[in-house]
Colleague: 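Let me begin by handing over the structure; questions about it come next.
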There are 2 protein chains.
Amino acid sequence: MKDRKHSRKREAILDVLRSTKTHPSAEWVYAQLKPSYPDLSLGTVYRNLSLFREDGQIICVGTVNGQERFDANTKPHAHFICDRCGEVIDMEGRLCFDPGDAASGFFAGSIDYCEVTFHGKCLKCME
Amino acid sequence: MKDRKHSRKREAILDVLRSTKTHPSAEWVYAQLKPSYPDLSLGTVYRNLSLFREDGQIICVGTVNGQERFDANTKPHAHFICDRCGEVIDMEGRLCFDPGDAASGFFAGSIDYCEVTFHGKCLKCME
DNA sequence: ATAAAAACAGTAATAATTCTTATTATTGTT
DNA sequence: AACAATAATAAGAATTATTACTGTTTTTAT
């Protein structure tokens, strides 16, 4: 990881991500922090999320309704996205295979990681 | 599938999608057709891609560099995305498991489908 | 042929994200 | 503690993919 100057806001952004399981968007992180950091700027959230991703401290889960969603849990794990309400749910531990292993050896490029995303309706949205 | 009036342009858009393995963006489809249909509008491409998706004739592969990518091959199959050049490559037939099966029974919501996407560098980008 | 409905082009609007610039915070050095 | 050097920031402008609107054209059923 490149070494960076310390920044209270960057730290706070990462803390928010680490203290939730909701796989938030940039906007949501911003809304969470704005009360405690009234001079926080949305651009700062976006910029730091990019840095975290570069440094491998967070991963992108995918875009839901046009917004990228982030996850501070960098261990490989699958996600479920509810196509009705947009909620993103961890499926950690529910898969008994490593899709990366399953494909390497068959593919000529180099595989860095693999995303497994289930789509459907969450329990709440099934009524 | 809802019944729709016939449209020469809609037909052409689907033909383009069906005759390529490149998993194109809306913009790319538009660029392909513009020479033969000089009065084609980008909005028409977007609108019809949405209709195709509603009708289950195409699927969304995910966003690459901010642009959604589409695929007329609706059979479940995995993809590889090169994070350097953005190329999307089919991994059809290379997975020996059905991730949907692997997860149902463990999850309380209803699973419609499952996306498996590998990330890395394609052969060309590895030099 | 004609009338109703759907599809269209062209353009304006929207919305997520990135970029720019002037200011402020951090860090190492006296 | 004062100091530069430089990274980080706020605010807002700019960019860009996508969607919505409006008046016109195409399709299709009568």
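Order of the sequence lines fixes the chain letters, A, B, ..., with proteins taken first and strands second; residue numbering starts at 1 for each chain.
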Colleague: Considering only side-chain heavy atoms of B:S41, which listed nucleotide, C:dA9, D:dA10, C:dT26, is closest?
Modeller: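 Closest nucleotide among those given: C:dA9.
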
Colleague: Quick check: on DNA chain D, is the nucleotide nearest B:A26 upstream (toward 5') of the one nearest A:P38, or the reverse? Name the residue that is more 5'.
Modeller: A:P38

Colleague: Compute whether any side-chain donor of one residue and acceptor of the other, for A:D71 and A:H23, lie under 3.5 angstrom apart.
Modeller: yes

Colleague: Taking OP1 and OP2 of C:dA7, is either one under 4.0 Å from a side-chain nitrogen or oxygen of B:R10?
Modeller: yes

Colleague: Go through C:dT17, C:dT26, D:dT18 for me and flag the one nearest to the B:E68 side chain.
Modeller: D:dT18

Colleague: Would you mind telling me which of C:dT18, D:dT18, C:dT17 lies closest to the side-chain atoms of A:S50?
Modeller: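 Selected nucleotide (nearest to the side chain): C:dT18.
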
Colleague: Look at A:K9 and D:dA10 and indicate whether a side-chain polar atom (N or O) is within less than 4.0 Å of OP1 or OP2.
Modeller: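 Affirmative; the distance criterion is met.
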
Colleague: Look at B:S7 and C:dC8 and indicate whether a side-chain polar atom (N or O) is within less than 4.0 Å of OP1 or OP2.
Modeller: yes

Colleague: If you look at every strand shown and take non-hydrogen atoms under 4.0 Å, does B:E27 touch a base, only sugar-phosphate, or nothing?
Modeller: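 The answer is nothing, as B:E27 stays clear of every strand by at least 4.0 Å.
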
Colleague: Kindly compute the distance separating OH (A:Y113) from OG1 (A:T74), expressed to the nearest 0.5 Å.
Modeller: 12.5 Å

Colleague: A:Q67 CD to C:dT18 P: how many Å, rounded?
Modeller: 12 Å

Colleague: Return the value, rounded to whole Å, for the distance between atom NZ of A:K34 and atom C1' of D:dT9.
Modeller: 12 Å

Colleague: Rounded off to whole Å, could you give me the CD1-to-C1' distance for the B:I13 and C:dA7 pair?
Modeller: 11 Å

Colleague: With a 4.0 Å limit, can you tell me whether B:R47 has a side-chain N or O closer than that to the phosphate oxygens OP1/OP2 of C:dC8?
Modeller: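 So the side-chain polar atoms of B:R47 do come within 4.0 Å of the phosphate oxygens OP1 or OP2 of C:dC8, strictly under.
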
Colleague: Select one nucleotide: of C:dC8, C:dT26, D:dT19, the one nearest the side-chain heavy atoms of B:N48.
Modeller: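 Nearest to the side chain of B:N48 among the choices is C:dC8.
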
Colleague: What's the CZ-C1' distance between A:F52 and D:dA8, to the nearest Å?
Modeller: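 Computing the A:F52:CZ to D:dA8:C1' distance gives 12 Å.
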
Colleague: Output the rounded distance in Å from OH (B:Y37) to P (D:dT26).
Modeller: 14 Å

Colleague: Give a yes/no answer on whether the side chain of A:N65 brings an N or O atom under 4.0 Å of OP1 or OP2 in C:dA16.
Modeller: no

Colleague: Assess, by modelled atom type and distance only, whether the side chains of A:R47 and A:T44 contain a donor and an acceptor separated by less than 3.5 Å.
Modeller: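 Result is yes, a qualifying pair exists.
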
Colleague: List the atom of B:G120, the atom of A:D112, and the distance in Å for their closest heavy-atom pair.
Modeller: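 Taking B:G120 first and A:D112 second, the nearest heavy atoms are CA-OD2, 3.6 Å.
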
Colleague: Is there a donor and acceptor pair, one atom on the side chain of B:K5 and one on the base of D:dT26, closer than 3.5 Å?
Modeller: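 Looking at the base of D:dT26, it does not pair with any donor or acceptor on the side chain of B:K5 (distance under 3.5 Å).
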
Colleague: Under 6.0 Å between ring centres, would you say that holds for A:F107 and B:F118?
Modeller: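 Centroid separation for A:F107 and B:F118: 6.0 Å or greater.
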
Colleague: Is the shortest side-chain N/O distance from B:Y46 to OP1 or OP2 of D:dT18 below 4.0 Å?
Modeller: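 For D:dT18, OP1 or OP2 has a side-chain N or O of B:Y46 closer than 4.0 Å.
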
